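What follows is a set of notes on a single structure, which appears directly below.
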Amino acid sequence: MANTVVGANPDPHASGDPNRRDFIHIATLAAAAGAVGGLAWPLIDQMNPAGDTLALASIEFDLSKVEPGQQVVVKWRGKPLFVRHRTPEQIAAAIKDDNSGGLKDPQTDEARHKPGKAEWLILVGTCTHLGCVPTVGGGEYGGWFCPCHGSTYDTSGRIRSGPAPKNLEVPTYAFLSDTKIKVG
Amino acid sequence: MAGPSTYEPKSGFERWLDTRLPIVRFGYDTIVSFPTPKNLNYWWTFGGILALMLGIQIVTGIVLAMHYAPHVDLAFDSIQRIKRDVNYGWLIQGLHATGASMFFLAVYIHMFRGLYYGSYKAPREVLWLLGCVIYLLMIATAFFGYVLPWGQMSFHGAVVITNLIGSIPVIGPHITTLLWGGFALDNPTLNRFFSLHYLLPFVIAGVVALHIWALHVPGNGNPKGIEVKSKDDTVPFHPYYTVKDSFAISVFLLMYGAFVFYAPDALGDAANYIKANPLVTPQHIVPEWYLLPFYAILRAVPDKLMGVIAMFGAIGTLFVLPWLDTSKVRSMRYRPAMRLWFLIFVLDCIILGFCGARAPDDAVIAGLAGPQFLDANLNSFVWLSRIASLYYFVYFWVITPVMGLTETPLPIPEGISEPVLSHPAVTPAGAVSSPEKRG
């Protein structure tokens, strides 16, 4: 401020104290940042599942169509859902291994089906390794075998060998009647 | 850039980068230190508003494209799904649809500003031409975009516009078929319109870059229409015009927000809430408000081809304006007679807009049985739009060149700063001189 006119105010910045102009600058930038942030959220959140996608997230399924020893695959939330009607031998094989010590993700067979419905195994049909669909009846335990990287699951859908870290996921479901379930 | 660069790299990294890619220097010279006339008024803030609107339209448009389905069976429903089910879809779709109207509102103010202050005159002809190209691209983009919701007005509006092209002798019908990709406006048309609607905004952004480049060679014009003579006539763009533009943008966004939140459908047509039906045309086909004046010019001419020529001629006229204007005085502040013709011209454009929105045979003054003249009643929108269209062309092709040669302009001030700083009485005691050096 070399050439100030006669009677000029001293430069309020010279003292180094914050003045009204500093306050206005900060307030303006804060308001702008708030506005940008407020607008950014809708632009990001629009990518989350939409209302209609969430509304279609549960399905009902009639179990009477599935014979013992059979597996039916239905589509649920865009992914395969395994509905397996287990034979008494398969159930027995699963229970026998409950405490075998060879389980990577220890869980009893009891915990993987609804009480008193041991013959019905409802599983999300994607390998817990990288999401491939395992084939039923494959592998040395007679459960599932994933063709992508060789994970094998037993008749309870528990991981027994291969790179997958977890048992096949049991979705949230409920029996509406003896022969009807609602998944999701 | 106007003048040598004043950027001084502060850190070692900035010096290193500056000798390899002087991008910080470019940004500094363009939006921080750029010398800008100190007398710009609020009509000069619409350039910044338009840049913001282009940004908003591109961002919201990219988001909408994530949910939109460009297929005749799905398009209409996918828009409804966006409005009802997609998270914040109502907001994003509202911003985009209303944004088109706001974009045009701003561009019209920007263009009238250029007309009034003679912004198109030497040495800014290329700047003006690039602006005309942007406007033309905006019309095309808006047209393609309006088709996408696949409502009744989308569909039949597009039918009308594509058939316009068919009036060109010999090649017209072939071009129409080429546009349609079939025997009529159908799924192939919707697909390509979606593709082009996505493409053109980026072309606009490219031309905007050229527009700003062409602006920064001679620098901004100003309300006095005289050239900047020294550094005393200018202030750096930042903080003076960044702050002024920000304030104008805030006010503009308030109006934009009022529409988006309280009247999202006020600027649209109710017929577009009916899914497109190629077998039934709505009672009254009208374009969006921002194209109504040109639609009125089209309908004013009782011949198909001539109407199309008049409509495109109305836009084409803007391209030759720098060579139609014979006046050396840029700003109409100093051209009182021309200013009157200009104000009539603004009114004329608004009248054309009203004419475009009304059925041609409606009476202008209700209940008055006017006399028949040639093919239509004098008291009808047919004749009003004919008179208004005539004035539109006369203004550019007759009044503009003739006035420049015949009028006597008012004396033009010597310089931009002159009346502000030369008179001791207007310098308040205690004012800090060189305010442009303050942060």
Side-chain angles (χ1 to χ4, degrees), chain A residues 1-60 75-79 131 172 182-184, chain B residues 52 55-56 58-69 74 77-96 99 232 238-239 242-247 249-250 253-254 256-257 260-261 421 424 426-439:
Chain A
M1 296 290 127
N3 52 340
T4 44
V5 294
V6 178
N9 293 327
D11 183 6
H13 270 302
S15 63
D17 288 332
N19 58 17
R20 293 203 318 181
R21 185 174 293 201
D22 293 326
F23 173 77
I24 290 168
H25 279 170
I26 293 164
T28 306
L29 287 175
V36 168
L39 262 180
W41 175 241
L43 294 172
I44 295 164
D45 189 40
Q46 52 85 20
M47 292 213 263
N48 276 319
D52 62 331
T53 308
L54 296 174
L56 293 174
S58 48
I59 55 166
E60 290 180 14
K75 202 168 142 191
W76 173 69
R77 292 184 180 173
K79 288 188 288 194
T172 306
K182 182 180 176 186
V183 187
Chain B
L52 177 75
I56 289 176
I58 288 178
V59 170
T60 54
I62 288 170
V63 164
L64 289 173
M66 294 181 187
H67 303 282
Y68 173 72
L74 307 172
D77 294 337
S78 74
I79 301 280
Q80 293 308 315
R81 178 177 172 271
I82 289 169
K83 289 189 183 189
R84 291 153 197 263
D85 288 329
V86 172
N87 302 324
Y88 295 103
W90 60 271
L91 174 65
I92 296 160
Q93 198 274 342
L95 283 172
H96 196 74
D232 286 341
H238 177 76
T242 45
V243 167
K244 187 161 184 158
D245 281 359
S246 301
F247 180 69
I249 284 170
S250 304
L253 288 179
L254 280 178
Y256 182 15
V260 171
F261 292 110
L421 293 182
V426 295
T427 309
V432 180
S433 74
S434 305
E436 72 278 8
K437 295 200 181 75
R438 293 287 311 280

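Worth saying up front: this structure is predicted, and the values here are computed from it rather than measured. A, B, ... follow the sequence lines: proteins, then strands. Residue 1 opens every chain.
Only the side chain of B/Leu95 comes within contact range of chain A, judged by heavy atoms closer than 4.5 Å. Of the atoms belonging to B/Arg81, it is side-chain heavy atoms, and not backbone ones, that fall under 4.5 Å from chain A. A/Leu54 does not touch chain B: none of its heavy atoms, backbone or side chain, sits under 4.5 Å away.
The closest side-chain heavy-atom distance from B/Leu253 to B/Leu52 is below 4.5 Å. The shortest distance between side-chain heavy atoms of B/Val260 and B/Leu91 falls below 4.5 Å.
Of the residues considered (A/Pro42, A/Ala55, A/Gly51), A/Pro42 shows the highest number of contacts with chain B, using heavy-atom pairs under 4.5 Å. Chain A forms more heavy-atom pairs under 4.5 Å with one residue of B/Val63, B/Val243, B/Ile62, B/Ile82 than with any other, namely B/Val63.
The nearest pair of heavy atoms linking B/His67 to B/Ser78 is O-CB, 3.9 Å. Minimum heavy-atom separation, A/Lys182 to A/Ser58: CE-OG, 3.9 Å.
Between B/Asn87 atom CG and A/Met47 atom CE the span is 11.5 Å, to the nearest 0.5 Å.
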